[in-house]
Amino acid sequence: MDIIYPLAVPKGRRLRCEVCEAPAERVCTACTVTYYCGPVHQKADWNSIHEKICQLLIPLRTSMPFYNSEEERQHGLQQLRQRQKHLIEFCYTIAQKYIFEGKHADAVPAALHSLRFRMNLFGLSSVELVPAYLLLSEASLGMGHIVQAEEYLSQAQWTVLKSTECSSATHSLLHRNLGLLYIAKENYDEARYHLANDIYHASCAFGTEDIRTSGGYFHLASIFYLLEKWDLADTLYTKVTEIWSKYLYGYYQVLAEARLQQVDLLGKRFETDTGLDEAQEAEAVRILTTILSIRETRTEKEPRKTIFVLKTIAMLFFLMNSPKAQNYARAALNLAQQRKCSLQEQGILQDLVDLVTVE
């Protein structure tokens, strides 16, 4: 990550920091189109997202070449839009992944990139900006910056109110983030209201049993857990685990057979796949491991539910090609043996252990 200092500013052009929009004093010499106020924000952006997209920014931030015909020009514009759309989704996914991993500060530069690309492509008042505002709000909450989070949420709400084309998926995201805000403020009644709306809109968009709806159930369960309403929390945590287990099991069945044969359907060596992007994998890990930590405090009363979560996490890590799958599968089998579960259940778990330990 080479830099030059001071920056030679082209006449008539005011350069702004990529992270905070303060006057820029440095430039990334790898791409020469990204500027920073100083080394702190340059390093933060580099570690978050810039290293991954450095060269991709060059055609977006330099003048378009001369085209010999209108047809060529339109083709060039179409390619430019496709690059912008790719970067919007890529930066958004990376920011989401950081948030689910608890790396909230790292999420901010990536989310800001997604927001700026959206502004350039869709305009300053488009509803397409809302997901990026919500990411920035969630990152701010994670860092304990509640006022900043409220500002991003207000911008998202205002954009949604002005829009006549806001999808149920976007409404779901908005209510989920409002729910998280009120959880942070310990206003649990308001949080429950918004999370109920999150679940409603997510169900309209994806269905009640979809993994994208499970986040609403999970956060609502967490409120009941905080309020010591264990029966309600237990029901929702079970539902979340069942949703993820059902989703993962479909991939697990196909890939388990391929692993045993050591080939895939094309005759090549088997490779794992979850069907999820990086952010969704990180979300699954966070949700299921959180539920496990809660279940383990109640194992004496509900061992089978703990075993169920352990098995689900083992499948997830197996599909992610992670050695952690062995630990969770063995833990599930050991608990089943200790609690004298049925021989059939122990056999299923032994098969899982054998499968995930195949070299």
Side-chain angles (χ1 to χ4, degrees), residues 93-103 176 202 206-219 221-222 233-234 236-260 262 264 269-299 302-336 341 345-359:
T93 297
I94 294 298
Q96 272 191 316
K97 179 175 180 287
Y98 284 137
I99 287 173
F100 290 132
E101 291 175 345
K103 301 174 181 177
R176 185 169 304 180
F206 311 115
T208 58
E209 306 299 314
D210 193 275
I211 57 173
R212 288 164 290 189
T213 308
S214 71
Y217 296 128
F218 171 74
H219 292 301
S222 298
D234 173 69
L236 290 169
Y237 283 139
T238 299
K239 185 174 185 65
V240 172
T241 308
E242 288 173 346
I243 289 172
W244 278 102
S245 180
K246 182 178 179 181
Y247 172 86
L248 294 168
Y249 190 65
Y251 282 88
Y252 172 79
Q253 281 187 303
V254 174
L255 299 179
E257 183 177 351
R259 170 64 68 87
L260 291 173
Q262 289 297 299
D264 65 16
R269 186 168 178 80
F270 169 80
E271 292 184 2
T272 52
D273 180 27
T274 61
L276 305 170
D277 61 31
E278 288 184 89
Q280 290 171 319
E281 287 183 351
E283 180 184 24
V285 170
R286 189 188 72 168
I287 285 177
L288 292 171
T289 55
T290 299
I291 293 174
L292 175 62
S293 67
I294 293 170
R295 289 287 184 211
E296 286 178 330
T297 66
R298 301 181 62 84
T299 296
E302 299 166 326
R304 281 185 170 77
K305 292 183 178 180
T306 304
I307 292 168
F308 183 39
V309 182
L310 285 165
K311 179 182 175 183
T312 303
I313 298 173
M315 286 194 296
L316 173 63
F317 280 121
F318 166 63
L319 295 173
M320 293 172 62
N321 202 24
S322 170
K324 293 180 181 180
Q326 299 179 37
N327 299 331
Y328 287 102
R330 291 185 186 280
L333 177 59
N334 290 339
L335 184 57
C341 295
E345 188 171 356
Q346 291 184 42
I348 292 171
L349 292 172
Q350 183 64 62
D351 289 342
L352 176 61
V353 170
D354 293 341
L355 182 64
V356 300
T357 55
V358 169
E359 297 295 335

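Positions are given from 1 along the sequence. All values reported here derive from a predicted model rather than from experimental measurement.
Side-chain contact between K311 and L352 is present, with heavy atoms from C-beta onward closer than 4.5 Å. Y328 places none of its side-chain heavy atoms less than 4.5 Å from the side chain of L333. Counting heavy atoms from C-beta on, the side chains of F308 and T241 come closer than 4.5 Å. Within the 4.5 Å cutoff, no side-chain heavy atoms of E283 are placed close to those of I99. Using a 4.5 Å cut-off on side-chain heavy atoms (C-beta onward), I291 and V240 make contact.
Rounded to the nearest 0.5 angstrom, L310 CG and L349 CG are separated by 9.0 Å. Of the inter-residue distances, the one linking Q96 atom CD with E101 atom CD reads 11.5 Å to the nearest 0.5 angstrom. Between the CZ atom of F206 and the CZ atom of R212 there is a distance of 4.5 Å, given to the nearest 0.5 Å. Within the model, atoms CG of L292 and CD1 of I307 stand 11.5 Å from one another, a figure rounded to the nearest 0.5 Å. With rounding to the nearest 0.5 angstrom, the CG atom of L248 is 11.5 Å from the CD1 atom of I243. For the atom pair CD1 of I313 and CE of M320, the computed distance is 11.5 Å after rounding to the nearest 0.5 Å.
Annotation for R176 and T213: closest pair NH2-O, 4.1 Å, computed over non-hydrogen atoms. Closest heavy-atom contact between P303 and L335: O-CD2, 3.8 Å. Across all their heavy atoms, M315 and S245 have their closest contact at CE-OG, 3.8 Å. When all heavy atoms are compared, the tightest approach of L276 to I211 is CD2-CD1, 3.5 Å. The two residues S293 and T297 make their nearest non-hydrogen contact at O-CG2, 3.4 Å. Taking each heavy atom of I287 and S214 in turn, the nearest pair found is CD1-OG, 4.4 Å.
A salt bridge links K305 to D234: one of the charged nitrogens lies within less than 4.0 Å of a carboxylate oxygen.
Qualifying side chain to side chain contact (heavy atoms under 4.5 Å, CB included) partners for A233, counting only residues two or more places apart in sequence or in other chains: F224, Y225, W230, Y237. In this structure, the side chain to side chain contact (heavy atoms under 4.5 Å, CB included) partners of A325, at least two apart in sequence or on a different chain, are F317, F318, V356.
Counting only residues at least two apart or on different chains, the salt bridge (charged side-chain N to carboxylate O under 4.0 Å, His left out) pairs with a member in residues 237-251 are E209-K239.
The backbone N or O of D277 lies less than 3.5 Å from a partner atom in the side chain of Q280, making a donor-acceptor pair. Remark: the backbone N or O of C341 is paired with a side-chain donor or acceptor of Q346 at under 3.5 angstrom.
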For this session: Could you go through the side-chain contact (heavy atoms from CB on, under 4.5 Å) check for L316 and Y252 one step at a time?
Result: CA-CA 9 Å; L316 173 63; Y252 172 79; over 6 Å; no
For this session: Apply side-chain contact (heavy atoms from CB on, under 4.5 Å) to the pair T290 and F218, showing each step before the final yes or no.
Result: CA-CA 10 Å; T290 299; F218 171 74; 3.8 Å; yes
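When only modelled atom types and interatomic distance are considered, T238 and R295 share a side-chain donor-acceptor pair under 3.5 Å.
Ring pair Y247/W244 is perpendicular by interplanar angle, where above 60° counts as perpendicular and below 30° as parallel.
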